[in-house]
Amino acid sequence: MKSPRRIAAVAAVTLAGVGLLAGCSSAGGDANDGKVHITVASLIPGSDKAAFKAFDDRVKEFEKANPDIVVKSEEYQWTGPTFATQLAGGTLPDVFNVPFTDSQSLLQAGQLADITAEVKKLPYADKFNENVLAVAKSGDKIYGIPYGPYAMGLSYNREIFQKAGLDPDKPPTTWDEVRQAAKTISEKVPGVAGYMQMTQGNTGGWELTTTVYSRGGRMETTEGGKTKVTTDNPVTKEALQWLHDLRWEDNSVGSNFLLDWSGINQAFGAGQIAMYPSGSDVLTSLVQQNAVDPKNYGLTMLPVDTSDKQAGVLGGGNVAAVSPKSSQAQKEAAVKWIDFYYMQKLLNKDQAVADAKVLVKSGQPVGVPTLPVFDKATYDQNMEWIKGEINVPQENVSTFTDKIFDANLIPEPNKHTQELYGALDSVVQAVLTDKNANIDQLLAKVDSDIQKLVDADK
């Protein structure tokens with residue numbers, strides 16, 4: 001999904017990218033100036049001017065270092081239908097972003113360019129975390145470079161916690177504690193929903209899956225190459241009953257039950273929601289689009305049932321990919337851009353500091369929790385390089401960062417993910433709007449409908 005994310009929520013999670021009309025995806029040049037022209041992902045629509053300026057400053061740095069390449073950027077946000085329309089219409093940017101959940105289906109359909117040769121020329125090609133790179137590979141072929149991997153966490157408003165008499169340095173660690181904190185907040189802070197989950201645009205299913213994973217359940221299982229849709233299970237019912245009780249017994253989830261990724265971020269930024277599950281990287285968007293002050297933001301681990309070995313944290317992220325219609329020269333330029341913009345700040349001290357300084361200068365957050373594209377040692381080294389620029393209070397997110405590297409990270413369901421999430425949206429909405437919603441019946445229908453799609457793939 002998106003959380004940001006990624007995305008990115010993801011229907012996505014998630015997340016942002018931009019591109020100009022791929023009329024630029026021609027023979028590698030434009031206006032007969034002898035240069036290679038590419039269009040690249042920038043920020044999602046609605047990001048503030050400072051964020052766009054920070055991006056533009058990075059473009060200028062890249063063009064200065066690569067005078068034979070001209071970069072054009074434009075707002076773009078990933079959604080499945082938008083991508084399909086752009087691909088069919090020839091308006092897909094040369095460099096764009098897709099969520100982890102969709103990269104495999106897109107590359108199998110020939111909708112992502114094969115950039116194996118270009119990636120293997122990178123000096124760090126053999127240092128990727130293979131578990132992360134796998135989302136963009138088919139066999140030995142590489143169709144994109146993963147970036148910004150995240151794990152789901154629990155975002156919370158520290159100021160609201162204080163108003164409710166709760167200690168923001170000691171956030172909830174179990175789902176029972178989340179429920180109690182939500183009830184306390186809703187009773188003591190008028191007009192604030194103590195807790196809420198996303199419910200539409202496929203995000204309701206995404207976040208339900210997140211809470212099911214934390215309890216040890218699964219929405220799909222695969223054995224012997226055969227996938228079975230398994231939303232109709234005791235753990236999913238437990239997660240939905242918990243949400244039902246917050247709504248109908250505690251009255252602690254507010255009154256807006258149609259929230260997607262942007263909507264819940266907006267409500268959180270406006271102080272209308274105190275807690276919600278989110279990608280660990282969501283603070284970047286909250287600052288850029290919702291004017292959230294990092295000092296009032298808290299991030300902690302989602303409650304995970306430590307008694308169940310299957311319980312864990314849903315992980316995701318984005319893949320920087322290249323249009324299959326880009327010329328060879330543009331593919332090469334595109335990978336150079338991906339290397340410069342997404343990777344060098346993780347690997348090169350000067351680039352890491354330069355990137356952080358640009359972000360700080362434009363009022364953007366530095367020190368937002370993510371997961372390693374390479375390994376934890378590289379991540380820790382990067383954080384050491386930029387420690388002088390970090391403006392996100394690390395103590396506010398320490399209950400997440402201190403534990404996430406030891407957590408059991410679980411990928412999203414990999415068969416008809418977005419269709420599954422969309423079907424579950426209706427279930428989540430029903431639980432929140434109908435006190436007598438038949439959870440068993442609703443989940444049985446989801447299993448039946450999505451299983452038909454899975455079986456049809458054969």
Side-chain angles (χ1 to χ4, degrees), residues 1 9 152 154-156 164 171-189 191-219 229-261 263-264 267-268 272-278 302-305 307-308 310-311 314 413 420-450:
M1 207 58 198
M152 295 298 286
L154 182 69
S155 286
Y156 65 99
T173 60
T174 68
W175 286 113
D176 285 344
E177 290 179 3
V178 171
R179 179 180 178 181
Q180 183 56 54
K183 189 172 186 294
T184 298
I185 290 168
S186 295
E187 290 174 347
K188 294 188 175 182
V189 188
V192 175
Y195 174 92
M196 188 51 184
Q197 292 180 200
M198 303 176 202
T199 60
Q200 64 176 353
N202 297 8
T203 62
W206 174 52
E207 294 218 311
L208 177 60
T209 299
T210 295
T211 62
V212 169
Y213 278 7
S214 75
R215 291 172 163 92
R218 294 293 185 273
M219 299 307 205
V229 184
T230 58
T231 70
D232 187 10
N233 67 73
V235 181
T236 304
K237 294 173 185 177
E238 176 189 336
L240 287 167
Q241 185 63 48
W242 180 87
L243 191 59
H244 171 279
D245 293 347
L246 266 69
R247 164 69 172 96
W248 298 104
E249 294 183 13
D250 301 347
N251 192 29
S252 61
V253 293
S255 58
N256 184 355
F257 308 123
L258 292 176
L259 291 167
D260 59 8
W261 189 76
I264 203 166
F268 180 81
Q272 298 167 355
I273 294 174
M275 294 181 286
Y276 74 113
S278 66
L302 278 175
V304 174
D305 183 356
S307 68
D308 191 326
Q310 294 297 310
L314 183 150
L420 173 66
Y421 287 164
L424 289 169
D425 278 359
S426 300
V427 180
V428 176
Q429 291 170 22
V431 167
L432 291 170
T433 58
D434 180 0
K435 186 175 183 178
N436 299 311
N438 190 322
I439 293 175
D440 290 355
Q441 187 177 60
L442 291 167
L443 291 177
K445 186 176 188 306
V446 171
D447 280 5
S448 176
D449 290 348
I450 305 303

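Position 1 is the first residue of the sequence, and the numbers go up from there.
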Task: Stepwise side-chain hydrogen bond (donor to acceptor under 3.5 Å, both in side chains) test for Trp175 and Ser214 - done: CA-CA 10 Å; Trp175 286 113; Ser214 75; 3.0 Å; yes
- [ ] Take Tyr195 and Leu154 through the side-chain contact (heavy atoms from CB on, under 4.5 Å) test and state the conclusion after the steps.
- [x] CA-CA 10 Å; Tyr195 174 92; Leu154 182 69; 4.1 Å; yes
Open item on the list: Evaluate Met152 against Trp206 for side-chain contact (heavy atoms from CB on, under 4.5 Å), listing each step before the verdict.
Closed with: CA-CA 10 Å; Met152 295 298 286; Trp206 174 52; 3.4 Å; yes
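- Between Asp232 and Lys445 there is no salt bridge, since none of the side-chain N atoms of the basic residue sits less than 4.0 Å from a carboxylate O of the acidic one.
- Side-chain atoms of Asp425 come within 3.5 Å of backbone N or O of Asn202 as a donor-acceptor pair.
- Note that CD of Gln197 and OG1 of Thr210 are 8.5 Å apart. Values are rounded to the nearest 0.5 Å.
- Summarising the geometry of Ala193 relative to Gly254, their closest heavy-atom pair is CB-N, 3.5 Å, with the distance given to 0.1 Å.
- Taking all atoms of both residues into account, the shortest heavy-atom contact from Gly204 to Val428 is O-CG2, 3.8 Å.
- Considering all non-hydrogen atoms of both residues, Ala181 and Met275 come closest at CB-CE, 4.0 Å.
- Taking the side chain as every heavy atom from C-beta outward, Trp242 and Thr211 never approach each other to under 4.5 Å.
- A distance of 8.0 Å separates CG of Asp305 from CD of Glu238, quoted to the nearest 0.5 Å.
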Open item on the list: One pair to check against salt bridge (charged side-chain N to carboxylate O under 4.0 Å, His left out): Lys237 and Asp440. What are the steps and the verdict?
Closed with: CA-CA 8 Å; Lys237 294 173 185 177; Asp440 290 355; 3.2 Å; yes
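- Relative orientation of the Tyr276 and Phe268 rings is tilted, given thresholds of 30° and 60° on the angle between their planes.
- Here the CG atom belonging to Leu442 is positioned 11.0 Å from the CD atom belonging to Gln429, to the nearest 0.5 angstrom.
- When each of Thr236, Asp447, Thr209 is paired with Thr231, the side chain to side chain donor-acceptor pair (under 3.5 Å) condition holds for Asp447 and for no other.
- Looking at every heavy atom in both residues, Ser278 comes nearest to Ser155 through OG-OG, 2.6 Å.
- Taken to the nearest 0.5 Å, the OG1 atom of Thr184 stands 11.5 Å off from the CD atom of Glu177.
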TODO: Take Asp260 and Met198 through the side-chain contact (heavy atoms from CB on, under 4.5 Å) test and state the conclusion after the steps.
DONE: CA-CA 5 Å; Asp260 59 8; Met198 303 176 202; over 6 Å; no
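- Atom CG of Asn251 is separated from atom CD of Glu187 by 9.5 Å, given to the nearest 0.5 angstrom.
- Residue Gln241 places its CD atom among more than 12 non-hydrogen atoms of other residues, nucleotides or ligands, all under 6.0 Å distant.
- At least one donor-acceptor pair closer than 3.5 Å links the side chain of Thr230 to the backbone N or O of Met219.
- A donor-acceptor pair is defined here as one N or O able to donate and one able to accept, closer than 3.5 Å; such a pair exists between the side chain of Thr199 and the backbone of Leu259.
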Open item on the list: With side-chain contact (heavy atoms from CB on, under 4.5 Å) as the criterion, how do Leu302 and Tyr213 come out once you've worked through the C-alpha distance, each side chain's angles and the decisive distance to 0.1 Å?
Closed with: CA-CA 10 Å; Leu302 278 175; Tyr213 278 7; over 6 Å; no
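- Applying the salt bridge (charged side-chain N to carboxylate O under 4.0 Å, His left out) test between Glu249 and each of Lys435, Arg179, Lys183 identifies Arg179 as the sole match.
- For the atom pair Leu424 CG and Thr203 OG1, the distance stands at 11.5 Å (nearest 0.5 Å).
- Partner of Met196 under the side chain to side chain contact (heavy atoms under 4.5 Å, CB included) criterion, chosen from Asn256, Leu243, Leu432: Leu432.
- The shortest non-hydrogen separation linking Gly217 to Val235 is N-CG1, 3.6 Å.
- Heavy atoms only, all atoms of each residue included: Val446 and Ala423 are closest at CG2-O, 3.9 Å.
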